[in-house]
Amino acid sequence: MKLHILGCGDAFGSGGRNQSGYLVEAPDRLFLLDCGPTTLLAMKRAGFDPQQLDVIFLSHLHGDHFGGIPFFFIEYLYQNPRHRPLHIAGPLGTEKKVCELFSLMYGSGSGARDIPPVRFHLLQPDTSYVVEGINVFPFRVPHQVQEISLALKISCNGKQILFSGDSAWTDVFLEHAAKVDLFLCECSFYDKGVGNHVSYLNLQENRSRLRCKKLILTHLGDEMLAHRKEIPESVAEDGMVVEI
Ligand SMILES: [Zn+2]
Ligand SMILES: [Zn+2]
């Protein structure tokens with residue numbers, strides 16, 4: 001199984017990085033973790049036909065994490081017509097927000113006929129789901145106040161990936177990261193005391209307690225990028241391919 005990092009940037013495009021988009025290539029499945037605005041172009045640049053995409057899993061409904069979906073919709077409506085459903089799984093509000101965003105950007109988008117074939121799946125925290133043969137266990141993380149932000153623990157093809165989404169550090173990661181093949185953990189800041197994102201110094205305090213097989217830091221902001229050379233952990237890069 002391979003993870004193609006299509007976008008590892010934050011909302012501000014820090015360091016010229018694409019926004020959130022991680023493509024998992026399993027033997028018989030192709031799926032995204034998040035779909036930021038730059039995801040379709042990055043997927044094409046990586047040599048994938050968007051028709052191959054089976055599922056988009058969304059961690060939360062901030063624009064840098066789901067704002068790329070309308071581009072997939074117009075691709076499937078006009079450029080590369082899609083007949084089998086695309087599955088989109090995300091937290092409460094996903095279907096409404098995706099349809100509203102598409103409507104704002106490209107048309108009415110309010111009815112089933114206005115969008116390509118899509119099946120929406122609601123992900124409730126602490127519940128296991130199987131979407132197109134891919135197991136996902138979402139759990140709530142501290143990032144948004146009213147709306148629900150999820151971390152996603154994915155099991156596919158005998159491998160496990162934990163994706164933090166956007167979140168402050170929480171000890172809940174310790175339990176879910178145990179034994180996973182890859183923990184893709186956001187690390188937006190180095191030492192800034194921002195309450196809803198991980199800072200590196202905070203992560204470092206907990207590093208010895210993390211029992212994942214591999215850790216990759218992502219969603220880096222400018223402050224974190226300035227400290228990159230001092231950091232021993234693996235840091236995501238756009239275009240990076242990780243064998244899992
Ligand atoms: Zn973000
Ligand atoms: Zn966010």
Side-chain angles (χ1 to χ4, degrees), residues 3-24 31-43 56-72 88-98 100-101 122-123 125 136 138-154 161-170 172-173 176 182-200 202-203 215-228 233 235-238 240:
L3 175 77
H4 299 261
I5 295 180
L6 302 182
C8 62
D10 61 2
F12 313 106
S14 298
R17 290 156 174 240
N18 290 335
Q19 290 162 332
S20 197
Y22 307 90
L23 184 69
V24 181
F31 58 97
L32 276 169
L33 306 177
D34 280 349
C35 187
T38 47
T39 304
L40 180 64
L41 66 91
M43 187 171 173
I56 300 174
F57 293 99
L58 297 175
S59 64
H60 66 301
L61 299 171
H62 275 160
D64 54 316
H65 296 258
F66 90 108
I69 292 178
F71 301 113
F72 279 85
I88 300 177
L92 188 67
T94 292
E95 179 170 359
K96 182 169 182 285
K97 283 210 171 180
V98 166
E100 282 176 358
L101 184 64
L122 171 62
L123 299 181
V136 57
F139 58 94
R140 194 169 183 177
V141 290
H143 178 58
Q144 289 168 288
V145 177
Q146 292 191 337
E147 292 176 86
I148 291 172
S149 290
L150 299 170
L152 304 171
K153 189 175 186 176
I154 302 282
I161 301 170
L162 174 62
F163 173 47
S164 67
D166 281 2
S167 174
W169 175 261
T170 161
V172 181
F173 287 143
H176 292 292
L182 173 67
F183 180 20
L184 189 58
C185 185
E186 82 116 288
C187 194
S188 299
F189 296 98
Y190 184 77
D191 65 359
K192 262 190 183 171
V194 173
N196 61 348
H197 286 285
V198 171
S199 73
Y200 180 73
N202 202 197
L203 179 89
L215 172 68
I216 295 181
L217 307 182
T218 192
H219 202 275
L220 273 58
D222 282 333
E223 186 211 17
M224 186 61 187
L225 287 168
H227 285 272
R228 257 203 68 186
E233 283 79 11
V235 168
E237 298 286 347
D238 288 0
M240 185 190 264

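Ligands are counted one by one from 1 in listed order, and the atoms in each one are counted from 1 as well. This chain uses plain numbering: 1 for the first residue, then up along the sequence.
Centred on the Zn ion (ligand 1), the NE2 atom of H219 and the OD2 atom of D64 lie at an angle of 100°, reported to 10°.
Nearest N, O or S atom of H62 to the Zn ion (ligand 2): atom ND1. The atom of H60 that is an N, O or S and sits closest to the Zn ion (ligand 2) is NE2. Nearest to the Zn ion (ligand 2), among the N, O or S atoms that H143 has, is NE2.
Using a cut-off of 2.8 Å, one finds that H65 contributes an N/O/S atom close to the Zn ion (ligand 1). Distances from the Zn ion (ligand 1) show that D166 has an N/O/S atom below 2.8 Å.
S164 and E186 share no side-chain donor-acceptor pair at under 3.5 Å. For the residue pair H197/S188, the side-chain donor-acceptor check at 3.5 Å is satisfied. Remark: the S59 side chain and the D34 side chain contain an N/O donor-acceptor pair separated by less than 3.5 Å.
Atoms NE2 and CD, on H62 and E147 in that order, are 7.0 Å from each other to the nearest 0.5 Å. Note: L40 CG to F72 CZ = 4.5 Å, rounded to the nearest 0.5 Å.
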